[in-house]
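Beneath this line is the structure, given in structure tokens, with notes to follow.
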Protein chains: 2
Amino acid sequence: MGSTRDPDRRDRILDAASAVFAEKGFAGARVDDIADRAGVNKAMLYYHVGDKTALYSAVLLRNFERVRVALDEALATGGSARARLEAVITALTRMVQRHPDHPRMMLREIASGATSLEPEVLAAMLEVVGVVRALIAEGTAAGEFRAIDPVLTHLTLVGAVVFLNATAPIRNRAAALGPGFSLPEPTTDIARFIKEMLLDGLAADRKPGGS
Amino acid sequence: MGSTRDPDRRDRILDAASAVFAEKGFAGARVDDIADRAGVNKAMLYYHVGDKTALYSAVLLRNFERVRVALDEALATGGSARARLEAVITALTRMVQRHPDHPRMMLREIASGATSLEPEVLAAMLEVVGVVRALIAEGTAAGEFRAIDPVLTHLTLVGAVVFLNATAPIRNRAAALGPGFSLPEPTTDIARFIKEMLLDGLAADRKPGGS
DNA sequence: GTCTATATACCGATAGAC
DNA sequence: GTCTATCGGTATATAGAC
């Protein structure tokens, strides 16, 4: 794995694989397609990265690592639990927009029941989930948030970020069919919407305009 | 299509196809597998339903029709916009739990950008979306809901219902790896959680415990 | 380490008998 | 309408030359 002369090549392969897996899914992805997009020979891909399954896991592991780093940065801003949760929403929204492949791959994993996720990948996911879950629980303990299930709250939050962003293409296709469904709103507005929508339901005092 | 002697067979085929498409995706689904599960010969499947693509669209159309009927029933209960929206959340949650194949297939469609959705299927989806969107806009106009984007609100709602239910298998797998992630909560609680979480953020007066 | 050529298996779809 | 047998195309993966 680390024996590659060109250190960028593995990243290029993972980038290409991430794009193709996100677009077509594991079964629909073609190894030839990934190799072509990465600009490497298919035999080289097998030599360096391993088979299709190993490639898939490697992509997910790298993508979860990116999310973890982004969340750590968001939490490092400090402040109240609410302020940090808002920073988390901003960071997640930015991640989903900069690297849309990851949520697209995970949507497919959720659809399939994650039956083929390797334990290593599952652990990387749980690490990320645990960070947000702990933040919500901390906010509840501090009286900032209502007493509410932290895991369900976290899933609602992630679901909102993913849905509002990942459905953009389907909404644009729909806009061509009928009026009133377009919504090519500036992407930055999505994070603000989620904060209004979820946090004003979360805040213990429910003060209007609290965001 | 209607020339089949056994009228149940087409439904059996669509049921089997729905399960396999949800589990494996379009590319991962095997026509032999679908035929076997439906208890019909593969050649018969092609003779009656058409090729794999036509089968896929037929499944989605039937599943969206089920959602539409369920939404119509929920809206027929009448009452305030909030009461009807709560009925919609209950109906959607029940649909997702009774027919989990449909949200699983749609999760994959969202992931792929819905590039292969036939216009007929897209129209069926928009009909369902339009109903909820109109209800939210009506509630805002009546002063029951805050002035908020109805499409983004609808997507947040659907995202919550789908995420909280569809991630159950992955959460159960995670529970085996570490403590604190189990959450095999009674499924009926999910609808109540969503009402608390979203509607208390939606309601114009934000009265605590308003649900 | 790199690439060409190919083995091997599988899957969607249909021909054709009944 | 129903079924068996099979075709043709394509995919993952590797053997083997350099």
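So that the names make sense, note that chain A is the first sequence line, chain B the second, and so on, each numbered from 1. Keep in mind it's a predicted model, so treat the numbers as computed, not measured. Just so it is clear, the values below take in all heavy atoms, side chains as well, and ignore hydrogens, waters and symmetry mates.
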Exercise. Mark up nucleotides 11-18 of chain C, 5' to 3', with B wherever a protein heavy atom is under 4.0 angstrom from a base atom, S wherever such an atom reaches only the sugar-phosphate, and - elsewhere.
Key: SBBB----

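- Taking every side-chain heavy atom of A:Arg9 into account, C:dT2 is the closest of C:dT2, D:dT2, D:dC3.
- For the pair B:Met44 CE and D:dT4 C1', the interatomic distance rounds to 14 Å; values are reported in whole Å.
- Of all the residues in residues 113-121 of chain A, not one reaches under 4.0 Å from DNA chain C with any non-hydrogen atom.
- Atom P of nucleotide C:dG1 and atom CG of A:Leu45 are separated by 15 Å, given to the nearest angstrom.
- Atom CD1 in A:Ile13 sits roughly 12 Å away from atom P in C:dG1 (whole-Å rounding).
- No donor-acceptor pair under 3.5 Å is formed between the side chain of A:Lys24 and the backbone N or O of B:Ser112.
- A search for side-chain contact (heavy atoms from CB on, under 4.5 Å) contacts involving B:Glu120 returns B:Leu61, B:Glu118, not counting sequence neighbours.
- Look at B:Arg68 and B:Glu65 and you find a salt bridge, because one of the NZ, NE, NH1 or NH2 atoms lies within 4.0 Å of a carboxylate O, short of that distance.
- Judged by distance alone, the side chain of B:Arg173 and the main-chain N or O of A:Leu117 form a donor-acceptor pair under 3.5 Å.
- C:dG1 atom C1' lies 11 Å from atom CG of A:Asn41, rounded to whole Å.
- Looking only at distances, no side-chain donor or acceptor of B:Arg10 sits under 3.5 Å from a matching main-chain atom of B:Val49.
- No donor-acceptor pair under 3.5 Å is formed between the side chain of A:Ser57 and the backbone N or O of A:Ala54.
- Under 4.0 Å is where a charged nitrogen must lie from a carboxylate oxygen, and between A:Arg82 and A:Asp200 at least one such pair does.
- Between the CZ atom of A:Arg10 and the P atom of C:dG1 there is a distance of 13 Å, rounded to whole Å.
- A:Phe21 and A:Phe26 have parallel rings, their planes meeting at less than 30° on a 0 to 90° scale where 60° marks the start of perpendicular.
- Distance B:Tyr47 OH to D:dG1 C1': 6 Å, rounded to the nearest Å.
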